[in-house]
Participant: 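Can you read through this structure? Questions will come right after.
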2 protein chains.
Amino acid sequence: MPAVSDAEDTAVRAKQIPEAAVARLAVYLRILSGLAEQGTTAVSSEELSAAAGVNSAKLRKDLSYLGSYGTRGVGYEVQVLVSQIERILGLTRQHRVAVVGIGNLGHALANYGGFPGRGFPVEALFDLDADLIGVPVGGLPVSHMDDIPRVCSEREISVGIIATPPTAAQSVCDRLVAGGVQCILNFAPVVLQVPAHVEVRKVDLAVELQILSFHVARRADSAASAGSAGENQGNTGLPGTGGSADNGSTGGGRNGAGTDGGLGMVVR
Amino acid sequence: MPAVSDAEDTAVRAKQIPEAAVARLAVYLRILSGLAEQGTTAVSSEELSAAAGVNSAKLRKDLSYLGSYGTRGVGYEVQVLVSQIERILGLTRQHRVAVVGIGNLGHALANYGGFPGRGFPVEALFDLDADLIGVPVGGLPVSHMDDIPRVCSEREISVGIIATPPTAAQSVCDRLVAGGVQCILNFAPVVLQVPAHVEVRKVDLAVELQILSFHVARRADSAASAGSAGENQGNTGLPGTGGSADNGSTGGGRNGAGTDGGLGMVVR
DNA sequence: GTATGTGAATGGGTTCACAGCC
DNA sequence: GGCTGTGAACCCATTCACATAC
């Protein structure tokens, strides 16, 4: 194999890793961190996969995207995998976070006080509510939404978390983008429009609940119609892909009235 | 087509709907609800798909799993689709919800005060912290975790939301199952072990952030190594499958010290 | 003419099973 | 002997393109 620079190597590999595998690598990373903390220095694919709730073949394939860091007949060194996954996931650099919408959810996120460990420190909070501006939440004073572009660019925020009602989400998003934010985690039930260089992920509680509802209904229905019906075998461990979705909820928060975090739900 | 009972029909169709489509149906439902609210009575696949951020072929295929409820040359009736999606997702019955772990996140969920609209009323709250027991949060008094099985079965809870630190999650899960809960939404970064008849979905903030980090890193790397490099085109609208994952975080909440909702994060 | 519904083709991801290496 | 790494087979999901119905 020809020599390649570290950056090139990372780039080439990273481009080929399937989306689904990336999500799982993050899972493995957490388990590995736990193992490292309790002094374990080596694992087999069997052990790791069991802890992650996937089968061992999938785990090995996932790890192979990083390169060949295992030892055949032996297993993997925990520390090596941790480093390699961190490298691929881009966790070697800091990602400063801003939370917008200091309502129910936003408050929880802000209070969490900068995500523990190295990685994603919360460095800015925003809301519309005049009563909240300047008030420290989780040790950080809340700024006004109008200042999003300036503050984000000043503090070099790269990640924005949107926890506003759906109606405000797009405008907040635009301001985050104007402030130079590169990725957005969106809790509002809206499909955001962003330029190509910005990455968005959506988390939607309502959809999660509705998916659960579907599975229960499916079971109930098949039991009802078939009389006995075949039981589907135990869950695969990994609930797998979390859905993503959309709503059109009423705001009606309580905690931080003004720009409360949606957690949007609506049925009907 | 031969006549089939409604229950049978729902069961048969439901069994064949791909997992990915279910998640999107929930998205469509929210958009349709919004349209209905503002008085729109009809939509085309083109319009709906645009709003949902998917292409129209996919939308039509998704809707076809429900049956044929559109009119060729015309489009769909909003109200019809709403009813059909609600039927398939099992939203015609109530799903009473319990929230366990009244910390940062749990507080937010509880305070949300029963998810608005028909569907998922929050009917029970649990925590370990003696200072919280009996205290009303979002209008509902907090019960002790030891009472989970009794209270859940008394109140006919069918959905449990776990917002505890990772260490407590499995034991909470076991108690929810003992209380007859059928589905669990898990915010703790742990892979839960459950019997075959219980459905679990996981939401993991840490993993979401790490996936975002990966995409940014990938872009930065390819730009660095290639000099120019090809830009990947604009996001597809739907961020798609939310990942799910795992960590090994420290508890260290602040709000409801005892059994705070993890929002687990750990890097190293 | 227009927009739905759907078989057929394509592509991505998972599983299998075994070759390769300790 | 044991465990990793990976091509090949398989399966699910998306996309295409057109027949079908209004």
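Letters go in sequence order (proteins before strands), and every chain restarts at 1.
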Participant: Output yes when a side-chain donor or acceptor of A/Glu47 lies under 3.5 Å from a complementary backbone atom of A/Ser44, and no otherwise.
Facilitator: yes
Participant: Does the protein touch nucleotides 5-14 of chain D at the base, only the backbone, or not at all? Give it as B, S and - per nucleotide, heavy atoms under 4.0 Å.
Facilitator: BBBB----SS
Participant: Answer yes when A/Arg218 and B/Glu19 have at least one side-chain N-carboxylate O distance shorter than 4.0 Å, and no when they do not.
Facilitator: no
Participant: Is any side-chain nitrogen or oxygen of A/Ser44 closer than 4.0 Å to OP1 or OP2 of D/dC3?
Facilitator: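 No, because none of the side-chain N or O atoms of A/Ser44 sits under 4.0 Å from OP1 or OP2 of D/dC3.
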Participant: Using side-chain hydrogen bond (donor to acceptor under 3.5 Å, both in side chains) as the criterion, list what pairs up with A/Thr71, not counting sequence neighbours.
Facilitator: none
Participant: Using the side-chain contact (heavy atoms from CB on, under 4.5 Å) rule, pick out the option among A/Thr41, A/Leu32, A/Leu48 that qualifies with A/Val78.
Facilitator: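 Only one of A/Thr41, A/Leu32, A/Leu48 forms a side-chain contact (heavy atoms from CB on, under 4.5 Å) with A/Val78, namely A/Leu32.
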Participant: Quickly work out the A/Gln16 CD to C/dG13 P distance and round it to whole Å.
Facilitator: 12 Å
Participant: Look at atom CD of A/Glu77 and say whether more than 12 heavy atoms of other residues, nucleotides or ligands are closer to it than 6.0 Å.
Facilitator: no
